[in-house]
Amino acid sequence: MKHALLALLATASLSLAVDPPDTTGWKDLIAPDLSNTVAPGKWELKDGILVAKDHDTLWTKDSYGDYILDLDFKVEKESNSGIFLRSGNIKDVLSALEIQVHDSADGSKYGMVAAIYDAMPPSKSMAKPVGEWNHFTITCKGPLVSVVFNGEEVINADLDKWSEAGKNPDGTPNKFKKALKDYARTGPIGLQGLHGKAQAPVYYRNLKIKVLE
(Lines give C-alpha, C1' and ligand atoms only; values in the text may rest on other atoms or scores of the structure.)
Protein backbone atom coordinates (compact mmCIF):
# COMPACT_ATOMS: atom_id res chain seq x y z
CA MET A 1 0.00 0.00 0.00
CA LYS A 2 2.80 2.40 0.91
CA HIS A 3 4.62 1.80 -2.37
CA ALA A 4 1.39 2.20 -4.33
CA LEU A 5 0.68 5.51 -2.58
CA LEU A 6 4.18 6.80 -3.25
CA ALA A 7 3.85 5.84 -6.90
CA LEU A 8 0.51 7.64 -7.10
CA LEU A 9 1.96 10.76 -5.52
CA ALA A 10 4.92 10.68 -7.88
CA THR A 11 2.59 10.42 -10.87
CA ALA A 12 0.45 13.27 -9.55
CA SER A 13 3.45 15.53 -9.06
CA LEU A 14 4.76 14.73 -12.51
CA SER A 15 1.41 15.56 -14.07
CA LEU A 16 1.68 19.14 -12.80
CA ALA A 17 4.73 19.83 -14.93
CA VAL A 18 4.13 21.00 -18.50
CA ASP A 19 6.96 20.98 -21.01
CA PRO A 20 7.28 24.08 -23.21
CA PRO A 21 6.07 23.53 -26.77
CA ASP A 22 8.41 23.04 -29.70
CA THR A 23 7.98 26.37 -31.47
CA THR A 24 9.90 25.39 -34.60
CA GLY A 25 8.03 26.84 -37.55
CA TRP A 26 5.84 29.13 -35.44
CA LYS A 27 5.29 32.74 -36.48
CA ASP A 28 7.11 35.61 -34.79
CA LEU A 29 4.49 37.62 -32.93
CA ILE A 30 6.57 40.78 -33.43
CA ALA A 31 8.61 41.33 -36.60
CA PRO A 32 12.28 42.28 -36.08
CA ASP A 33 11.58 45.75 -37.52
CA LEU A 34 8.25 46.08 -35.65
CA SER A 35 6.53 46.48 -39.04
CA ASN A 36 3.61 44.24 -38.05
CA THR A 37 2.70 46.42 -35.05
CA VAL A 38 0.49 49.49 -34.71
CA ALA A 39 2.45 52.71 -34.06
CA PRO A 40 5.42 51.09 -32.27
CA GLY A 41 6.53 54.44 -30.84
CA LYS A 42 9.57 54.02 -28.63
CA TRP A 43 9.48 50.23 -28.32
CA GLU A 44 12.81 48.69 -29.28
CA LEU A 45 13.72 45.19 -30.45
CA LYS A 46 17.48 44.73 -30.28
CA ASP A 47 19.51 41.51 -30.19
CA GLY A 48 16.25 39.58 -29.92
CA ILE A 49 15.06 41.43 -26.80
CA LEU A 50 11.96 43.65 -26.92
CA VAL A 51 11.56 46.47 -24.40
CA ALA A 52 9.36 49.54 -24.01
CA LYS A 53 10.85 53.01 -23.68
CA ASP A 54 7.56 54.76 -22.93
CA HIS A 55 4.04 54.15 -21.65
CA ASP A 56 2.42 53.17 -24.98
CA THR A 57 1.11 49.66 -25.51
CA LEU A 58 2.53 47.76 -28.49
CA TRP A 59 -0.32 46.20 -30.51
CA THR A 60 -0.19 43.66 -33.31
CA LYS A 61 -1.75 44.69 -36.61
CA ASP A 62 -3.17 41.18 -36.98
CA SER A 63 -6.07 39.86 -34.95
CA TYR A 64 -5.92 36.42 -33.36
CA GLY A 65 -8.70 34.14 -32.13
CA ASP A 66 -7.66 30.66 -31.02
CA TYR A 67 -3.91 30.36 -30.57
CA ILE A 68 -0.92 29.41 -28.45
CA LEU A 69 1.42 32.25 -27.51
CA ASP A 70 4.84 31.29 -26.17
CA LEU A 71 7.37 33.78 -24.77
CA ASP A 72 10.04 34.64 -22.23
CA PHE A 73 10.06 37.72 -20.01
CA LYS A 74 12.09 39.16 -17.18
CA VAL A 75 11.37 42.04 -14.86
CA GLU A 76 13.26 44.68 -12.94
CA LYS A 77 12.31 45.67 -9.41
CA GLU A 78 8.74 47.05 -9.38
CA SER A 79 8.26 46.40 -13.12
CA ASN A 80 4.61 46.42 -14.15
CA SER A 81 3.39 45.29 -17.55
CA GLY A 82 0.91 42.89 -19.07
CA ILE A 83 -0.08 40.89 -22.14
CA PHE A 84 -3.45 41.86 -23.61
CA LEU A 85 -5.38 39.10 -25.35
CA ARG A 86 -8.02 39.45 -28.10
CA SER A 87 -8.62 43.15 -27.66
CA GLY A 88 -12.07 44.42 -28.65
CA ASN A 89 -10.77 48.01 -28.77
CA ILE A 90 -7.07 48.86 -28.61
CA LYS A 91 -7.92 52.33 -27.28
CA ASP A 92 -9.48 50.78 -24.16
CA VAL A 93 -7.21 48.37 -22.27
CA LEU A 94 -10.16 47.08 -20.24
CA SER A 95 -11.67 45.67 -23.44
CA ALA A 96 -9.08 42.88 -23.40
CA LEU A 97 -8.05 40.21 -20.92
CA GLU A 98 -4.68 41.04 -19.41
CA ILE A 99 -2.18 38.46 -18.21
CA GLN A 100 -0.13 40.26 -15.58
CA VAL A 101 3.65 40.60 -16.00
CA HIS A 102 5.53 42.15 -13.11
CA ASP A 103 7.36 41.29 -9.91
CA SER A 104 4.15 40.91 -7.84
CA ALA A 105 5.10 43.84 -5.66
CA ASP A 106 1.53 45.12 -5.52
CA GLY A 107 0.56 42.37 -3.08
CA SER A 108 -2.83 41.69 -4.71
CA LYS A 109 -3.59 38.11 -5.73
CA TYR A 110 -5.69 39.43 -8.64
CA GLY A 111 -2.74 41.53 -9.78
CA MET A 112 0.18 39.18 -9.16
CA VAL A 113 2.26 37.93 -12.06
CA ALA A 114 0.36 35.42 -14.29
CA ALA A 115 -3.06 36.50 -12.98
CA ILE A 116 -5.86 37.38 -15.34
CA TYR A 117 -5.96 40.97 -14.15
CA ASP A 118 -8.78 41.61 -11.67
CA ALA A 119 -10.48 38.34 -12.61
CA MET A 120 -8.48 35.25 -11.61
CA PRO A 121 -5.30 34.74 -9.58
CA PRO A 122 -2.74 32.07 -10.50
CA SER A 123 -3.05 28.83 -8.56
CA LYS A 124 0.46 29.33 -7.21
CA SER A 125 3.43 31.66 -7.49
CA MET A 126 5.99 30.44 -10.00
CA ALA A 127 7.90 33.69 -10.47
CA LYS A 128 11.67 33.62 -10.64
CA PRO A 129 13.71 36.34 -8.92
CA VAL A 130 13.98 39.79 -10.47
CA GLY A 131 16.44 39.73 -13.36
CA GLU A 132 15.89 36.06 -14.31
CA TRP A 133 14.01 34.93 -17.41
CA ASN A 134 10.51 33.49 -16.94
CA HIS A 135 8.45 31.51 -19.44
CA PHE A 136 4.77 31.79 -20.39
CA THR A 137 2.70 29.56 -22.65
CA ILE A 138 -0.73 31.15 -23.08
CA THR A 139 -3.49 29.23 -24.86
CA CYS A 140 -6.78 30.72 -26.01
CA LYS A 141 -9.41 28.31 -27.38
CA GLY A 142 -12.96 29.58 -27.51
CA PRO A 143 -13.92 30.51 -23.92
CA LEU A 144 -10.94 28.63 -22.45
CA VAL A 145 -7.77 30.46 -21.44
CA SER A 146 -4.79 28.74 -19.84
CA VAL A 147 -1.41 29.97 -18.69
CA VAL A 148 1.57 27.70 -18.12
CA PHE A 149 4.11 29.60 -16.04
CA ASN A 150 7.65 28.24 -15.74
CA GLY A 151 6.45 24.71 -16.38
CA GLU A 152 3.21 24.61 -14.39
CA GLU A 153 -0.33 25.47 -15.41
CA VAL A 154 -1.43 28.24 -13.05
CA ILE A 155 -4.48 29.56 -14.93
CA ASN A 156 -7.26 27.43 -16.40
CA ALA A 157 -10.24 29.69 -16.96
CA ASP A 158 -13.59 29.21 -18.69
CA LEU A 159 -14.69 32.74 -19.57
CA ASP A 160 -18.29 31.59 -19.91
CA LYS A 161 -18.35 31.41 -16.10
CA TRP A 162 -17.86 35.20 -15.94
CA SER A 163 -21.53 35.81 -16.73
CA GLU A 164 -22.01 39.11 -14.87
CA ALA A 165 -20.50 42.54 -15.45
CA GLY A 166 -18.38 43.72 -12.52
CA LYS A 167 -18.32 40.35 -10.77
CA ASN A 168 -16.10 37.26 -10.78
CA PRO A 169 -17.52 33.73 -10.41
CA ASP A 170 -16.30 33.63 -6.79
CA GLY A 171 -18.38 36.72 -6.00
CA THR A 172 -15.51 39.19 -5.82
CA PRO A 173 -15.90 42.46 -7.74
CA ASN A 174 -13.90 43.39 -10.83
CA LYS A 175 -13.48 46.52 -12.94
CA PHE A 176 -15.06 45.21 -16.12
CA LYS A 177 -18.22 46.94 -17.33
CA LYS A 178 -19.09 43.94 -19.49
CA ALA A 179 -19.20 40.25 -18.53
CA LEU A 180 -16.03 38.50 -19.66
CA LYS A 181 -18.12 35.84 -21.42
CA ASP A 182 -19.17 38.62 -23.81
CA TYR A 183 -15.63 39.80 -24.55
CA ALA A 184 -14.29 39.54 -28.10
CA ARG A 185 -13.00 36.08 -29.00
CA THR A 186 -10.67 37.50 -31.62
CA GLY A 187 -8.55 40.63 -31.65
CA PRO A 188 -5.05 42.11 -31.55
CA ILE A 189 -2.48 41.09 -28.93
CA GLY A 190 -0.82 43.87 -26.96
CA LEU A 191 2.18 44.35 -24.69
CA GLN A 192 1.78 47.06 -22.07
CA GLY A 193 4.49 49.72 -21.96
CA LEU A 194 6.09 51.32 -18.92
CA HIS A 195 3.51 51.31 -16.17
CA GLY A 196 3.23 51.92 -12.45
CA LYS A 197 5.10 54.32 -10.18
CA ALA A 198 8.57 52.93 -10.86
CA GLN A 199 8.26 52.99 -14.68
CA ALA A 200 10.66 50.04 -14.66
CA PRO A 201 11.00 48.07 -17.89
CA VAL A 202 9.97 44.51 -18.68
CA TYR A 203 12.01 42.59 -21.24
CA TYR A 204 10.48 40.12 -23.73
CA ARG A 205 12.09 37.61 -26.07
CA ASN A 206 11.20 34.56 -28.20
CA LEU A 207 7.61 35.69 -28.77
CA LYS A 208 6.13 32.95 -30.95
CA ILE A 209 2.51 32.29 -31.91
CA LYS A 210 0.68 29.34 -33.43
CA VAL A 211 -2.85 29.79 -34.70
CA LEU A 212 -5.17 26.92 -33.78
CA GLU A 213 -7.63 25.62 -36.38
Side-chain angles (χ1 to χ4, degrees), residues 16-30 36-37 49-50 52 57-75 79-88 90 93-104 109-128 132-162 176 180-181 183-193 195 202-213:
L16 295 175
V18 181
D19 291 331
D22 179 359
T23 59
T24 303
W26 290 26
K27 175 184 173 182
D28 288 333
L29 181 72
I30 307 295
N36 65 345
T37 65
I49 297 176
L50 180 68
T57 297
L58 185 69
W59 294 101
T60 63
K61 288 181 179 178
D62 290 339
S63 289
Y64 297 94
D66 293 345
Y67 56 85
I68 305 173
L69 174 62
D70 198 69
L71 59 94
D72 300 318
F73 71 90
K74 69 177 178 179
V75 299
S79 291
N80 188 345
S81 182
I83 301 166
F84 297 111
L85 310 177
R86 297 164 158 176
S87 175
I90 63 172
V93 294
L94 289 181
S95 73
L97 292 183
E98 179 187 356
I99 307 300
Q100 286 288 82
V101 177
H102 57 66
D103 69 357
S104 291
K109 69 176 183 176
Y110 289 94
M112 67 190 292
V113 61
I116 299 178
Y117 172 70
D118 217 34
M120 186 178 191
S123 57
K124 64 187 295 187
S125 175
M126 292 297 295
K128 293 183 179 180
E132 293 188 19
W133 287 103
N134 295 270
H135 191 87
F136 270 170
T137 304
I138 301 168
T139 303
C140 296
K141 182 73 172 175
L144 306 179
V145 176
S146 74
V147 179
V148 175
F149 185 17
N150 290 333
E152 289 201 27
E153 185 179 69
V154 296
I155 292 287
N156 191 327
D158 181 349
L159 300 181
D160 285 345
K161 293 181 178 179
W162 275 259
F176 307 110
L180 295 189
K181 74 177 183 61
Y183 267 45
R185 297 284 167 90
T186 185
I189 294 171
L191 301 174
Q192 191 175 45
H195 194 63
V202 171
Y203 305 89
Y204 294 95
R205 69 180 184 186
N206 300 328
L207 294 105
K208 298 286 186 176
I209 191 164
K210 177 182 180 181
V211 174
L212 300 175
E213 300 299 332

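Interatomic distance, OH of Tyr183 versus CZ of Phe176, reported as 5.0 Å (0.5 Å rounding). Taken from CG in Leu207 to CD1 in Ile83, the straight-line distance is 7.5 Å, to the nearest 0.5 Å. Expressed to the nearest 0.5 Å, how far OG1 of Thr23 lies from CD1 of Ile68 amounts to 11.0 Å. The distance from atom OG of Ser146 to atom NZ of Lys141, rounded to the nearest 0.5 Å, is 12.0 Å. Atom CG of Leu159 sits about 10.0 Å away from atom CE of Met120, to the nearest 0.5 Å. Here CG of Asn134 is found 4.0 Å from CZ of Phe73. Values are rounded to the nearest 0.5 Å.
In this structure, Asp19 has no side-chain hydrogen bond (donor to acceptor under 3.5 Å, both in side chains) partners at least two apart in sequence or on a different chain. Shown here are the side-chain contact (heavy atoms from CB on, under 4.5 Å) partners of Asp62, two or more places apart in sequence or in another chain: Lys27, Tyr64. Residues passing the side-chain hydrogen bond (donor to acceptor under 3.5 Å, both in side chains) test with Ser81 are Tyr204, sequence neighbours excluded. Residues satisfying the side-chain hydrogen bond (donor to acceptor under 3.5 Å, both in side chains) test with Asp28, not counting sequence neighbours, are Lys208. Annotation: side-chain contact (heavy atoms from CB on, under 4.5 Å) contacts of Thr57 (sequence neighbours excluded): Trp59, Phe84, Gln192. The side-chain contact (heavy atoms from CB on, under 4.5 Å) search around Asp72 returns Trp133, His135, Arg205, Asn206, not counting sequence neighbours. Looking at residues two or more places apart in sequence or on another chain, you find a side-chain contact (heavy atoms from CB on, under 4.5 Å) between Val147 and Ile99, Phe136, Ile138, Val154, Ile155. Residues passing the side-chain hydrogen bond (donor to acceptor under 3.5 Å, both in side chains) test with Tyr203, sequence neighbours excluded: Glu76. Asp160 is linked by a salt bridge (Lys or Arg N to Asp or Glu O under 4.0 Å) to Arg185, counting only residues two or more places apart in sequence or in another chain.
Using modelled atom types and a 3.5 Å distance limit, the side chains of Thr137 and Asp70 yield a donor-acceptor pair.
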Practice problem: List the steps and the verdict of side-chain contact (heavy atoms from CB on, under 4.5 Å) for Leu58 and Leu50. | Solution: CA-CA 10 Å; Leu58 185 69; Leu50 180 68; 4.0 Å; yes
Quiz item: Does the pair Val101 and Leu191 meet the rule for a side-chain contact (heavy atoms from CB on, under 4.5 Å), with working shown?
Solution: CA-CA 10 Å; Val101 177; Leu191 301 174; over 6 Å; no
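Judged by distance alone, with hydrogens and angles left aside, the side-chain atoms of Asp66 form a donor-acceptor pair with the main-chain N or O of Gly142 at under 3.5 Å. Gln100 contributes a side-chain N or O that, together with a main-chain N or O of Gly111, makes up a donor-acceptor pair within less than 3.5 Å. Looking at Asn150, its side chain never comes within 3.5 Å of a backbone N or O of Ala127 through a donor-acceptor pair. In this structure, the side chain of Thr60 engages the main chain of Ile189 through a donor-acceptor pair within 3.5 Å.
Taking both residues in full, the closest heavy atoms of Cys140 and Leu212 are given as O-CD1, 4.0 Å, listed atom of the first, atom of the second, then distance. Listed here is the closest heavy atom pair of Tyr110 and Pro121: CE2-CD, 3.6 Å. Looking at every heavy atom in both residues, Ser95 comes nearest to Ser87 through OG-OG, 3.6 Å.
Residues Asp103 and Ser79 form no side-chain contact, since every pair of their non-hydrogen atoms from C-beta on lies 4.5 Å or further apart. Counting heavy atoms from C-beta outward, Leu94 and Asp118 have side chains that stay 4.5 Å or more apart. In this structure, the side chains of Trp26 and Ile209 stay at 4.5 Å or more apart for every pair of heavy atoms.
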